Asker: 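My questions will all concern the structure given below.
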Amino acid sequence: MTESPGRVDDARVRTANKRTALVLASIAVVFFLGIVFAKFIGDGESGMTVLGVAVLLFLGLAIGRNLRK
Amino acid sequence: MSSIPHAPADHAHDDHAHHPSGIMRWITTTNHKDIGTLYLLFSLTMFFVGGTLALTIRAELFQPGLQIVHPEFFNSLTTLHGLIMIFGAIMPAAVGFANWQIPMMIGAPDMAFARMNNWSFWLLPPAAIMLVGSFFVPGGAASGGWTLYPPLSVQIGMGMDLTIFAVHIMGASSIMGSINIITTILNMRAPGMTMMKLPLFVWTWLITAYLLIAVMPVLAGSVTMLLTDRHFGTSFFNAAGGGDPVLFQHVFWFFGHPEVYIMILPSFGIISEIIPTFARKPLFGYASMVYAVASIAILSFIVWAHHMFTVGMPAAGLLFFMYATMLIAVPTGVKVFNWLATMWRGSMTFETPMLFAIGFLFLFTMGGFTGLVLAITPVDVQLQDTYYVVAHFHYVLVAGSLFAFFGGAYYWLPKWTGTMYDERLGTWHFWTSFIFFNITFFPMHFLGLAGMPRRIPDYAQQFADWNMVASIGGFGFGLSQLIFVWALIKCIRGDGAKAPAKPWEGADTLEWTLPSPAPYHTFETPPVVK
């Protein structure tokens, strides 16, 4: 691939970018697996619980990280 | 909103020595402007492919009886028209705008993940080929409607498998694009560009990207289950094996309704850039606009079952989804009010972008009102799957999303190409689109109220007159879009007045500090926003 000279070189920003992307990708994975798992076990309440806990966990992590700052 | 203290020369240079030329430039590019161009050209191509299917549908419906296509093929046409327009035209166009504009509007040199950006785009052409190519496989293309409801989608031929894979690929592309956009906005803003100084287009895309990350995996999960039902003996949705087809509808619309806002929120952002520019006033109620967009996004998760009022739900469910749907009118009303208030006593001029913005405002509001009508459960039970619904969502998505994208294209074409578009062609494009759009879709309200069902190739004699009018309008609308292509080609060829750095007097976002056309690399030294 051709590297663009305009790309971000600052290591701190790159690390932050990777961290943000990983969190976002994990949300996508949880939703994908969550919906299939919920339907697989055939219990709507369990599915809602799994997704609810996941959403709260992500929110808790996000708020916790900001509190730490 | 931001104010810009820097001169353009500080942030831009047009050094083309660093990238290959010819076809390899486009295949290997990691430059956000190149990738934005690719997205926009791809979406325009798919718009014409989807439009051709729509015109075939309208040709068949020109008069009662079967004259041009077989009923099975007609079903494939309606299905693929929906899928291509949503996943191939509207969504990639929005991502194209995001690629071009977000880095320039927040003072970033590029997207956060430039290589992934390239990959996100180049996933789309194979998906599009699969989707369009499904017409030519045994059994033909998917024909159960763009919603892919079982049991039809479990039973039909391998065109459905291609559709499922195409949806998977396009979903992966959207998720990668969204991750890129969110990361860029959160981590790569210029110093001083606080969240509440972000241009509204950037805000709307930030929220849209979150919506995409939340709901695209749900669609991917549901079509994966469909695939395993088709080929691996599971019975998620297959009633014969103990599955529940209605379950698919719930899961699909949990994706499907936020998807409507995924298609319209970036358009809100574009309109929110255009109206203040041509009213020469700051956007009225900036903060309330941001909160309204966020409210719409949150509410979009709790209204999905209004698409399926007739499947049989408890009364409490019907009431909940009816009231929740009506609630969306509140933040949407805030936005419409704020756009009108921005125009109020402004020094307005009516260049093509503003014409499309006002056209959007008028027609989208009409589409919103018919949405409110459909939100009322007993009314919806009467109008479910009639042409009233077809009229409603075309007012929202064509006069909404598409008109905003045309407005945005005319607004930013001078920055993208360095050439002013032909105002005469732009005006003609707007008025012919506006008139023929209404000729096409307004009569569909009457057809729906009279009881004409959607997705049928033949109809009773009583519906003949308005169908003929709608078909004439459809062909007029389709031909009108050639004017846009003409105006676009003129701009790309540099056939027109040279665009200054800031062609619009009232524009105040960062991209207008750059020369026109925007240099290949911009904001390598971040600007300071005060």
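We name chains A, B, ... by the order of the sequence lines, and we start the count at 1 in each one. Predicted, not measured: the structure shown is a model, and the values here were computed from it. Values below: every heavy atom of this structure, side chains too, minus hydrogens, waters and symmetry copies.
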Asker: Using every non-hydrogen atom in the two residues, find where B/Ile175 and A/Ala28 come nearest and quote the distance to one decimal.
Answerer: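 Distance-wise, the nearest heavy atoms are CG2-CB, 4.1 Å.
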
Asker: Once rounded to the nearest 0.5 Å, what's the spacing between atom CD1 of B/Ile213 and atom CD1 of A/Ile27?
Answerer: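 It is 6.5 Å, given to the nearest 0.5 Å.
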
Asker: Which atom names give the shortest non-hydrogen contact between B/Phe236 and A/Val36, and what distance separates them?
Answerer: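 So the minimum-distance heavy-atom pair works out to CE2-O, 4.3 Å.
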
Asker: Could you tell me whether B/Phe301 atom CZ has more than 12 heavy atoms of other residues or ligands within 6.0 Å of it?
Answerer: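 Yes, because the 6.0 Å sphere around CZ of B/Phe301 holds more than 12 heavy atoms from other groups.
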
Asker: To the nearest 0.5 Å, what is the distance between OG1 (A/Thr20) and CG (B/Leu186)?
Answerer: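 Reported value, rounded in 0.5 Å steps: 6.0 Å.
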
Asker: Minimum heavy-atom separation for A/Phe32 and B/Ala220, please, with both atom names.
Answerer: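 Here A/Phe32 and B/Ala220 meet closest at CE1-C, 3.5 Å.
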
Asker: If I measure from the heavy atoms of chain A, does B/Leu219 come under 4.5 Å with its side chain, its backbone, both, or neither?
Answerer: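 Neither; nothing under 4.5 Å.
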
Asker: For A/Asn17, which of B/Thr183, B/Ile179, B/Thr184 qualifies under side-chain contact (heavy atoms from CB on, under 4.5 Å)?
Answerer: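 The single option meeting the side-chain contact (heavy atoms from CB on, under 4.5 Å) with A/Asn17 is B/Thr183.
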
Asker: So what's closer than 4.5 Å to chain A heavy atoms on B/Phe237: side chain, backbone, both or neither?
Answerer: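 Neither part, no heavy atoms under 4.5 Å.
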
Asker: Grab the two heavy atoms, one from B/Pro217 and one from A/Phe31, that are nearest each other, plus how far apart they are.
Answerer: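 For B/Pro217 versus A/Phe31, the nearest heavy atoms are CB-CB, 3.8 Å.
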
Asker: Looking at CZ of A/Arg19 and CG of B/Asn187, how far apart are the two atoms once the value is rounded to the nearest 0.5 Å?
Answerer: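 The CZ atom of A/Arg19 sits 8.0 Å away from the CG atom of B/Asn187.
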
Asker: Which bit of B/Val218 is near chain A, if near means a heavy-atom gap under 4.5 Å: side chain, backbone, both or neither?
Answerer: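 Both parts, heavy atoms under 4.5 Å.
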
